Every structure is written in C-alpha cells, then in structure tokens.
Protein chains: 2
Amino acid sequence: MLKIGELASLAGVSRDTLRFYEKHGLIIPSQRTESGYRLYSNIDVERISFIVSAKEVGFTLNEIHQLLELEVTKDKKSCQDVKEFVDNKITIVNQRLLEIEKIKHSLQTLSDACCGGDEPATQCTILGALNEQAR
Amino acid sequence: MLKIGELASLAGVSRDTLRFYEKHGLIIPSQRTESGYRLYSNIDVERISFIVSAKEVGFTLNEIHQLLELEVTKDKKSCQDVKEFVDNKITIVNQRLLEIEKIKHSLQTLSDACCGGDEPATQCTILGALNEQAR
DNA sequence: CTTGACTCTAGACTATACTCCAAGGTTTAT
DNA sequence: ATAAACCTTGGAGTATAGTCTAGAGTCAAG
C-alpha cells in the first residue's frame, strides 16, 4: 500500500491533485490508516495511470469518470447502454487518431524538409506542411 | 471572404470563440469591411481548422500559438530553434499516439467482449480491458 | 523526545478557455 | 423603411482543473 506522496510521485501528479480527483470521485483510496492517512493499492496505481493517460489525449475528467464507471454485467440492458457509450467514444478516439497523425506528419515534414534543403518555402510553416501532405 | 458567423459555423466554433482567439493572437482576419466587420480568407479557414484539430488532441492554445508562429527561414539559426521545438512536440505526439491507441484498444475490447460472450468478468471494465491487452 | 518530513481538512486562489451581456451600429429581406 | 439578423467593443461571468495556504495531527530518525 502506498501513501499519497508515494502514489503522487509514482504517477507524476501532485498530492493535491490526487485529493482533488478523490473529491470528484475518480480515485478513492482502498483504505485509510487509523490516523486517517490514505492508502492506495495496485489497482489505484492502474487507475491513476489510466486517468493521466486519458487526460493527456484530451478526455475531460467527467468523461474519464464515465469511462471508469463502465461495467458490463452481461445482462442485456447494461450491455446495450455501455456498448452505445463506448462505441461513441471509439468514434471520437478514431477522429483524434487521424488528427494527431496529421499533425505528427506535418511536424515531421517541418522538421525534415526545411533545414538546408531546397524545398519550396510553402513547406516551411506548420500550415504549409499540413497542406503539402494533403496533396 | 467570410464574415465571422460564416467562419464560425464552418469551423464548428462560436463567434465569441473566434474573437477570443483573435484577442490571443491565434487567428487575425485578413481584412475588415469599412464598417469594421471581420473578413476571413481561405488561409484563415485552414488556420482555424488546424487550431480546432490541435486543441482536440490536447494541445493548449499557447502551444498552438507557438506552432503557428513557426517559420523556418532556412538560415541555420532559425532552423536550429525550430527543429528543436518541433522534435520535442513530435516526441509528445508519439506518446499521445501510443496512449490513444491503448485506450482505443481497450474500448474495443470492452465493446466486443462483454455482450453475451463468456469472457471472464475481468474484461468487463475499462481497467480490465486495459489489462487484458497488456498480457 | 523532539525535529523534520509527512499527512489531514477546509477553503481561498489561479490559469485556461471560453461564454454571455449591454449598448450600439450595419445589412438584408419583405 | 423597418424589422430581423447580423456585426462591433468592452467587460463581467462561468466551467474546468488544479494549486496554495492555514492550522493541526502523525510518524520515523537521531
């Protein structure tokens, strides 16, 4: 079991952030010591790392909360709901993948093409690079 | 040339957002009418669409501003600076790509596996699906 | 047995990114 | 020619996601 400071430095967030996430129901420590110190388990480690990843790729805390709440209990009703919600997110994620690929490609173009090469000057801004790639 | 409302609905943002971005130097209309109406060009259309994409994949307005400011003028000095900055961003983008792929995969697992199948219940939450994939 | 590093709660403060409003001017459709 | 639909600026307000502070308790090492 980890104390808050240990989990914080492991996850690369601040103690305050962990307490803030707890207040908003995202990560609630499995236990407390008698004196009230939070104690986090391995599952909590996974949980915070998911939260951090999901946040980095543009999900809001609210969306992350919903994702973490998801639980398919195999009865048809919950399944239907979850599938709908998840498929929706997959669509969004796919769009983001395309967008991030596009941006990556143009950053690459920008990095590669403009250093002493004799490419046209149109490639030498991010928008130029984006257009180059669109052709 | 487009008026603010036209560009706004084209880009899927509000007029206020466009004016907000202008105040922060992200997109400044090429022209104004005599009466002071903003007029946006095709380049502005590309620009706002870049801003929206970059935002969606998790760049801040500040970072986007820096990306849009980039311009390699082929003299070595500017090139060095730009390359450094851009390569840095590429690293970040690559990390995000991995993270978003991982999340996509587990969403997919969650969507596919838990509807009437007889997969173990461990796959039936987002964290379960993430772990499944890690094996 | 006390000092320093850690933890607790509650609440105030901050940054980012909008979003809305007021009070007025402009354009367009009937 | 007048109403509806657009546009202007400036400034206030809101949502999200922390971040910081105060005042107090806890714990491990010397």
Side-chain angles (χ1 to χ4, degrees), chain A residues 1-41 44-45 47-69 89 92 96 99, chain B residues 1-41 44-45 47-69 89 92 96 99:
Chain A
M1 299 300 255
L2 302 170
K3 280 189 285 178
I4 195 165
E6 295 165 333
L7 181 61
S9 59
L10 202 75
V13 301
S14 73
R15 277 165 289 205
D16 277 329
T17 298
L18 286 175
R19 287 189 277 252
F20 175 78
Y21 287 171
E22 180 175 347
K23 198 158 69 188
H24 292 267
L26 275 94
I27 184 163
I28 292 154
S30 334
Q31 281 182 45
R32 295 268 186 146
T33 66
E34 289 215 346
S35 52
Y37 283 23
R38 290 166 179 81
L39 289 175
Y40 296 93
S41 70
D44 294 325
V45 176
R47 212 174 158 90
I48 188 65
S49 112
F50 175 77
I51 295 170
V52 170
S53 290
K55 240 186 58 57
E56 259 162 26
V57 299
F59 285 105
T60 65
L61 295 188
N62 230 299
E63 289 172 313
I64 295 168
H65 188 57
Q66 289 179 300
L67 285 169
L68 286 168
E69 292 280 273
K89 290 294 167 210
I92 291 167
R96 268 180 212 167
E99 270 156 12
Chain B
M1 299 300 253
L2 302 171
K3 280 187 286 180
I4 195 166
E6 295 165 333
L7 181 61
S9 57
L10 203 75
V13 300
S14 73
R15 277 164 288 203
D16 276 329
T17 298
L18 286 175
R19 286 188 278 252
F20 175 79
Y21 286 171
E22 180 174 347
K23 197 157 69 188
H24 293 265
L26 276 95
I27 183 161
I28 292 153
S30 333
Q31 280 182 46
R32 295 269 186 146
T33 65
E34 289 216 343
S35 53
Y37 282 26
R38 290 166 177 82
L39 290 175
Y40 296 92
S41 71
D44 294 323
V45 175
R47 213 174 158 90
I48 188 64
S49 110
F50 175 77
I51 295 169
V52 169
S53 290
K55 238 185 60 56
E56 260 163 25
V57 298
F59 285 106
T60 66
L61 294 188
N62 230 300
E63 289 171 314
I64 295 168
H65 189 57
Q66 289 179 300
L67 284 169
L68 286 167
E69 294 279 272
K89 290 295 167 207
I92 292 168
R96 269 179 210 169
E99 270 156 12

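In what follows, every chain begins at residue 1, and chains take the letters A, B, ... in the order their sequences are listed. None of the values given here were measured: they were computed from a predicted structure.
The distance from atom NE2 of A:His24 to atom P of D:dA17 is 8 Å, rounded to the nearest whole Å. Between A:Asp16 atom CG and D:dT16 atom C1' the separation is 16 Å, expressed in whole Å. C:dA17 atom C1' lies 15 Å from atom NE2 of B:His65, rounded to whole Å. If you take CD of A:Glu34 and P of D:dT26, they are 11 Å apart, rounded to a whole angstrom. The distance between atom CD1 of B:Ile51 and atom C1' of C:dA17, rounded to the nearest whole Å, is 13 Å. Here the C1' atom of nucleotide D:dT16 and the CZ atom of A:Phe59 are 17 Å apart, to the nearest Å. Spacing between atom CG of B:Leu39 and atom C1' of C:dT27 amounts to 13 Å, rounded to whole angstrom units. Look at CZ on A:Arg15: it is 15 Å from C1' on D:dG18, rounded to the nearest Å.
Checked against D:dC7, C:dC18, D:dT8, the side chain of B:Thr17 finds its nearest nucleotide in C:dC18. With C:dT26, D:dT8, C:dC6 as the choices, the nucleotide that has an atom nearest any side-chain atom of B:Arg32 turns out to be D:dT8. Which of D:dC6, C:dC8, C:dA17 sits closest to the side chain of A:Ile4 comes down to C:dC8. Residue A:Asn62 places its side chain closer to D:dT16 than to any other of D:dT16, D:dC6, C:dT7. Among D:dT19, C:dC8, C:dC18, the nucleotide with an atom closest to any side-chain atom of B:Leu61 is C:dC18. The side chain of A:Thr60 sits closest to D:dA17 out of D:dA17, D:dT9, C:dC21.
Heavy-atom distances to DNA chain D give each of B:Glu6 and B:Lys23 a nearest nucleotide, and the one nearer the 5′ end belongs to B:Glu6. Mapping B:Phe20 and A:Gly36 onto DNA chain C by nearest heavy atom places A:Gly36 closer to the 5' end of the strand. Toward the 5' end of DNA chain C, the nearer of the two residues B:Lys55 and B:Lys3, judged by each one's closest nucleotide, is B:Lys55.
A donor-acceptor contact shorter than 3.5 Å is absent between the side chain of B:Arg38 and the backbone of B:Thr33. Of the possible donor and acceptor atoms, one in the side chain of B:Ser9 sits under 3.5 Å from a partner among the backbone N and O of B:Glu6.
Crowding of B:Arg15 atom CZ: a count of heavy atoms from other residues, nucleotides or ligands under 6.0 Å not exceeding 12.
The base of C:dC6 is paired with the side chain of A:Tyr37 by a donor and an acceptor separated by under 3.5 Å.
Using a 4.0 Å heavy-atom cutoff across all strands shown, A:Arg19 reaches at least one base atom of the nucleic acid. Among the heavy atoms of the strands, none lies under 4.0 Å from A:Thr33.
Contact annotation: A:Arg38 does not reach the phosphate of C:dC6 (side-chain N/O to OP1 or OP2, under 4.0 Å). In this structure, A:Tyr21 reaches the D:dG18 phosphate: one of its side-chain N or O atoms is under 4.0 Å from OP1 or OP2.
Tested against A:Ile48, the residues A:Leu10, A:Leu26, A:Thr17, A:Leu7 include a single side chain to side chain contact (heavy atoms under 4.5 Å, CB included) partner, A:Leu7.
Closest approach of A:Ser30 and A:Ser41 over heavy atoms only: OG-OG, 3.2 Å.
Rounding to the nearest 0.5 Å places CZ of A:Arg47 at 4.5 Å from CG of A:Leu68.
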